[in-house]
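The next block holds one structure in the form of structure tokens; read it before the comments.
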Amino acid sequence: MDQPIVVKVGTGVLTRAQDATLDGAALLRLVNAIAQTVGDFGKCVLVSSGAVGAGVTAFGLNEYPKDLATKQAVSAVGQTRLMHAYENLFGHFRMNVAQLLRTADDFRDPERRDNTKATLSRLLNEPAVVPIVNQNDTVAFRDYCVGDNDMLAVRVAELIGAKMLVIFSSIDGLYAPGDIGGEIIREVDDIDEVMNFAEKKTGKMSQGGMQAKLKAVRRAVNGGIETCIANGREPERLQDIVAGDGYCTRFRAQKQPA
Ligand SMILES: Nc1ncnc2c1ncn2[C@@H]1O[C@H](COP(=O)(O)OP(=O)(O)O)[C@@H](O)[C@H]1O
Ligand SMILES: N[C@@H](CCC(=O)OP(=O)(O)O)C(=O)O
């Protein structure tokens with residue numbers, strides 16, 4: 001596969017629900033799955049949430065920070081914890097990690113966008129480097145926010161011309177309204193038909209929720225990028241998903257005008 005894939009992983013996958021500490025076992029399985037997928041299919045960019053979630057225990061909190069200064073301080077601690085874990089784990093597979101923290105201006109301003117694109121493509125030219133992107137939460141507020149990380153992942157996927165975006169969440173995929181935990185919808189051809197399927201529930205430390213995911217998916221598929229929502233707690237599904245199968249909700253890309 002020449003075109004890279006983008007894998008986005010949510011806070012609910014990376015942290016333990018009870019105390020919001022980083023879940024080392026979940027991270028190891030995720031890193032293993034990504035390393036295998038890079039080996040089989042080629043390039044991959046990881047968009048990882050979890051900075052705020054991973055930092056709260058340092059401040060004696062066990063819930064999402066309520067004020068901006070605390071949130072930004074917490075993310076400064078959590079982001080280093082997150083990257084420390086990724087660096088160690090990818091190291092077992094002889095892979096290096098690269099950290100890219102971005103705000104909205106890095107996508108809005110053409111010069112800065114080109115600069116991010118060039119950096120990412122240089123990183124992707126190295127066979128054993130996995131770029132890991134997050135919002136620069138310590139400085140992002142109001143207009144500087146890209147939004148949630150589902151949208152950040154779409155912006156990254158657009159920038160690098162990704163073949164596919166996989167959104168790893170704490171659920172298996174998209175459920176019909178009132179049927180969360182039932183059987184997931186396996187394939188969606190028309191995103192507009194499912195836009196109101198999202199219920200208000202989100203994970204304790206998560207920001208986006210399903211509504212944000214569907215908005216991000218709509219932008220991705222309308223831009224020609226096939227997108228899957230899958231269970232990041234079962235990351236071994238990734239290879240099958242990238243191969244076109246695998247247990248997930250697959251949103252077909254809209255055909256682009258010739
Ligand atoms: N129709 C739906 N299908 C699947 N999940 C849904 C739906 N509506 C709401 N959700 C909720 O979306 C949440 C997943 O999004 P989120 O909390 O942002 O996870 P993450 O941190 O993994 O990105 C789940 O807790 C789930 O209960
Ligand atoms: N940038 C934030 C994540 C924001 C976000 O969208 O979180 P999530 O809904 O878990 O993907 C962080 O690293 O904590």
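Counting starts at 1 for both ligands and their atoms, following the listed order.
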Taking atom 21 (O) of ligand 1 as the reference point, the nearest protein heavy atom with its distance: S206 OG, 2.5 Å
Close side-chain approach of R218 and F251, heavy atoms under 4.5 Å: no
Nearest protein heavy atom with distance in Å, relative to atom 3 (N) of ligand 1: Y175 N, 3.0 Å
Residue selection (non-hydrogen contact nearest atom 10 (N) of ligand 1) among K8, M210, R233: M210
Under-4.0 Å heavy-atom contact with ligand 1, by part of I167 that carries it: neither
Atoms of ligand 1 close to A198 [distance to a heavy atom under 4.0 angstrom, numbered from 1]: 8 (N)
CD (Q256) with more than 12 external heavy atoms under 6.0 Å: yes
Joint hydrophobic cluster, V74 plus L101, side-chain heavy atoms closer than 4.5 Å: no
Proximal atoms of ligand 2 relative to D148 (non-hydrogen, under 4.0 Å): 6 (O)
Closest candidate by heavy atom, reference atom 24 (C) of ligand 1, pool I171, V13, N149, D179: I171
Atoms in ligand 1 flagged as close to L174, the criterion being non-hydrogen separation under 4.0 Å: 1 (N), 2 (C), 3 (N)
Check ion pair D143-R108 (N to O, under 4.0 angstrom): no
NZ/NE/NH1/NH2 to OD/OE distance under 4.0 Å, R186 and E183: no
Any N or O of F168 closer than 3.5 Å to N or O of ligand 1: no
Beyond-backbone contact of D190 with R252, side-chain heavy atoms, under 4.5 angstrom: no
More than 12 heavy atoms of other groups within 6.0 Å of E234 CD: yes
Worked verdict on L27 versus L14 for side-chain contact (heavy atoms from CB on, under 4.5 Å): CA-CA 6 Å; L27 273 155; L14 302 169; 3.7 Å; yes
Test item: T249 side-chain N/O and L174 main-chain N/O as donor-acceptor pair under 3.5 Å: yes
Shortest protein contact, atom 10 (O) of ligand 2 (heavy atom only): T11 OG1, 2.7 Å
Of the listed options G12, S169, G10, closest to atom 19 (O) of ligand 1 (non-hydrogen atoms): S169
Verdict with supporting geometry, R237 and D172, salt bridge (Lys or Arg N to Asp or Glu O under 4.0 Å): CA-CA 10 Å; R237 293 174 184 167; D172 281 333; 3.0 Å; yes
Atom 14 (O) of ligand 2: nearest protein contact (heavy atom, Å): V52 N, 2.9 Å
Residue, atom name and distance, where the atom is the protein heavy atom closest to atom 8 (P) of ligand 2: S49 OG, 3.5 Å
K71, NZ: over 12 other non-hydrogen atoms inside 6.0 angstrom: yes
F197, any N or O under 3.5 Å of ligand 1 N or O: yes
Residues T103 and D105: side-chain donor-acceptor under 3.5 angstrom: no
Protein contact to atom 17 (O) of ligand 1 [nearest heavy atom, distance to 0.1 Å]: G203 N, 2.7 Å
Region of K8 that comes within reach of ligand 2 [heavy atoms, distance under 4.0 Å]: side chain
Check: K213 N/O within less than 3.5 Å of ligand 1 N/O: yes
Contact partition for N134 relative to ligand 2, non-hydrogen atoms under 4.0 Å: side chain
Q36-N32 side chain donor-acceptor pair, cut-off 3.5 Å: yes
Identity and distance of the protein heavy atom lying nearest atom 5 (C) of ligand 2: Q207 CB, 3.5 Å
Of the listed options K200, Q211, E199, closest to atom 9 (C) of ligand 1 (non-hydrogen atoms): E199
Residue, atom name and distance, where the atom is the protein heavy atom closest to atom 6 (O) of ligand 2: N149 N, 2.9 Å
Protein heavy atom at shortest distance from atom 18 (O) of ligand 1: G209 N, 2.7 Å
Enumerated ligand 1 atoms positioned under 4.0 Å from heavy atoms of T11: 21 (O)
contact_flag G50 ligand 2 heavy-atom lt 4.0 Å: yes
For S170, the ligand 1 atoms whose distance to one of its heavy atoms is below 4.0 Å: 22 (O)
For G173, the ligand 1 atoms whose distance to one of its heavy atoms is below 4.0 Å: 3 (N), 4 (C)
Nearest protein heavy atom with distance in Å, relative to atom 11 (C) of ligand 1: K201 O, 3.3 Å
Shortest non-hydrogen separation from V6 to A162 and the atoms involved: CG2-CB, 3.9 Å
Residues T116 and D106: side-chain donor-acceptor under 3.5 angstrom: no
Any A212 heavy atom less than 4.0 Å from ligand 1: no
Numbering as shown, the atoms of ligand 2 that approach G10 to under 4.0 Å (heavy-atom distance): 10 (O), 11 (O)
Donor-acceptor under 3.5 Å (T15 side chain, G12 main chain): no
Donor-acceptor pair, side chain of E226 and main chain of R250, under 3.5 angstrom: no
Proximity winner for atom 1 (N) of ligand 2, if only heavy atoms of V13, D137, T15 are counted: D137
Output field: ring centroids F141/Y144 closer than 6.0 Å: yes
Contact check: G209 vs ligand 2, nitrogen or oxygen atoms, below 3.5 angstrom: no
